[in-house]
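Keep in mind the model is a prediction, meaning the values are calculated, not measured. Counting starts at 1 for both ligands and their atoms, in listed order. Values below: every heavy atom of this structure, side chains too, minus hydrogens, waters and symmetry copies.
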Amino acid sequence: MPTESDSTLSPHSLKKMAAEKSLEYIQDGHTVGLGTGSTVKYLLEALAPCVKAGLRIQGVPTSRETATLAIQLHIPILPDEDAWEIDVAIDGADEVDSHFNLIKGGGGALLREKIIAANAKQFVVIVDEGKQVTSLGVSFPLPVEVVPFGWPSTMRAIERLGYQATRRVRDGHAIVTDNHNYVFDVQGKALENPSMLAQQFKDIPGVVETGLFVGMTSILIVGTPQGAVIHRHPSTV
Ligand code: 5RP
């Protein structure tokens with residue numbers, strides 16, 4: 001339990017706290033969507049001893065990175081092309097607003113993350129308190145997954161909507177997602193009306209998916225210096 005002196009807890013301690021709290025949503029026999037990122041790494045590290053102690057779950061990883069870690073930790077996972085019945089998906093986020101809408105995709109796994117969240121009976125989001133924002137997209141650019149074919153034209157089409165798009169690179173090379181696509185980081189205007197905007201982006205040929213997760217979160221768990229706080233979306237109460 002955090003104490004008063006814990007006001008200096010690092011974002012990573014707060015992520016770990018939120019991740020560990022989310023174990024409450026995993027039950028014996030569950031099929032569990034496993035997100036991607038540093039917060040989810042804490043979840044897998046907390047889940048592994050439970051599995052070792054006899055908890056029977058099957059994971060559905062949202063990325064190769066998560067699949068690799070789950071295998072290392074002896075957490076059973078289902079094949080990518082299985083007909084999963086996901087009881088609960090647990091994932092991090094880059095930003096969350098007061099309506100529980102999210103920006104995701106900082107780790108480039110947004111497409112698989114969205115497929116798994118959309119197919120889960122319950123979507124639990126785990127974040128440190130620094131991820132809570134008033135308006136999405138003011139400080140964190142929106143990740144958008146696009147097919148490589150004709151990507152400069154896709155970029156121009158996004159820019160015609162009034163945004164700036166940058167193709168994500170690492171070490172001088174374009175990042176390629178698990179689905180063999182590129183990621184654009186899009187910014188320049190607040191993302192007002194996220195639902196309409198997500199559809200506008202998706203109407204552009206070449207755009208595969210956006211990191212806007214609108215109306216998907218059922219439970220939000222926020223790591224704070226006072227402890228992990230659970231918020232239930234009004235539709236789930
Ligand atoms: C990956 C994601 C992550 O959930 C998001 O980037 C948060 O990452 P972290 O838990 O490392 O802060 O969307 O595509």
Tell me whether the centres of the aromatic rings in Phe201 and Tyr163 are closer together than 6.0 Å.
->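 Distance test on ring centres: under 6.0 Å, yes.
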
Would you say the side-chain atoms of Gln27 and Asp87 include a donor-acceptor pair closer than 3.5 Å?
->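 Distance-only check fails for Gln27 and Asp87.
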
Would you tell me whether Ser235 and His233 have side-chain atoms, one donor and one acceptor, within less than 3.5 Å of each other?
->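 Yes, because at least one side-chain N or O of Ser235 sits under 3.5 Å from a partner of the opposite role on His233.
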
Sidechain-backbone polar pair: [X] side chain, [Y] backbone, donor-acceptor under 3.5 Å:
X: Arg112; Y: Asp178; result: yes
X: Trp151; Y: Val183; result: no
X: Asn119; Y: Ile115; result: yes
X: Thr217; Y: Phe100; result: yes

For atom 1 (C) of ligand 1, the option (of Lys15, Glu113, His12) bearing the nearest heavy atom =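 Heavy atom nearest to atom 1 (C) of ligand 1 belongs to Glu113.
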
So if I count the atoms of ligand 1 from 1 in the order they appear, which ones are less than 4.0 Å from some heavy atom of [X]?
X: Asp94; result: 5 (C), 6 (O), 7 (C), 13 (O)
X: Thr39; result: 9 (P), 10 (O), 12 (O)
X: Ala93; result: 4 (O), 5 (C), 7 (C)
X: Gly92; result: 4 (O)
X: Gly105; result: 2 (C), 13 (O), 14 (O)
X: Thr36; result: 1 (C), 2 (C), 3 (C), 4 (O)
X: Ala109; result: 14 (O)
X: Lys131; result: 7 (C), 9 (P), 12 (O)

For Asp82, enumerate each residue passing the salt bridge (charged side-chain N to carboxylate O under 4.0 Å, His left out) test, keeping only those at least two apart in sequence or located in another chain.
->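 With sequence neighbours excluded, Asp82 shows a salt bridge (charged side-chain N to carboxylate O under 4.0 Å, His left out) to no residue whatsoever.
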
For ligand 1, is any non-hydrogen atom under 4.0 Å from Asp91's backbone (N, CA, C, O), its side chain (CB onward), both, or neither?
->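 Asp91 to ligand 1: side-chain contact only, backbone stays beyond 4.0 Å.
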
Heavy atom of the protein closest to atom 11 (O) of ligand 1 (residue, atom name, distance) |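 The closest one turns out to be Ser38 OG, 2.5 Å.
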
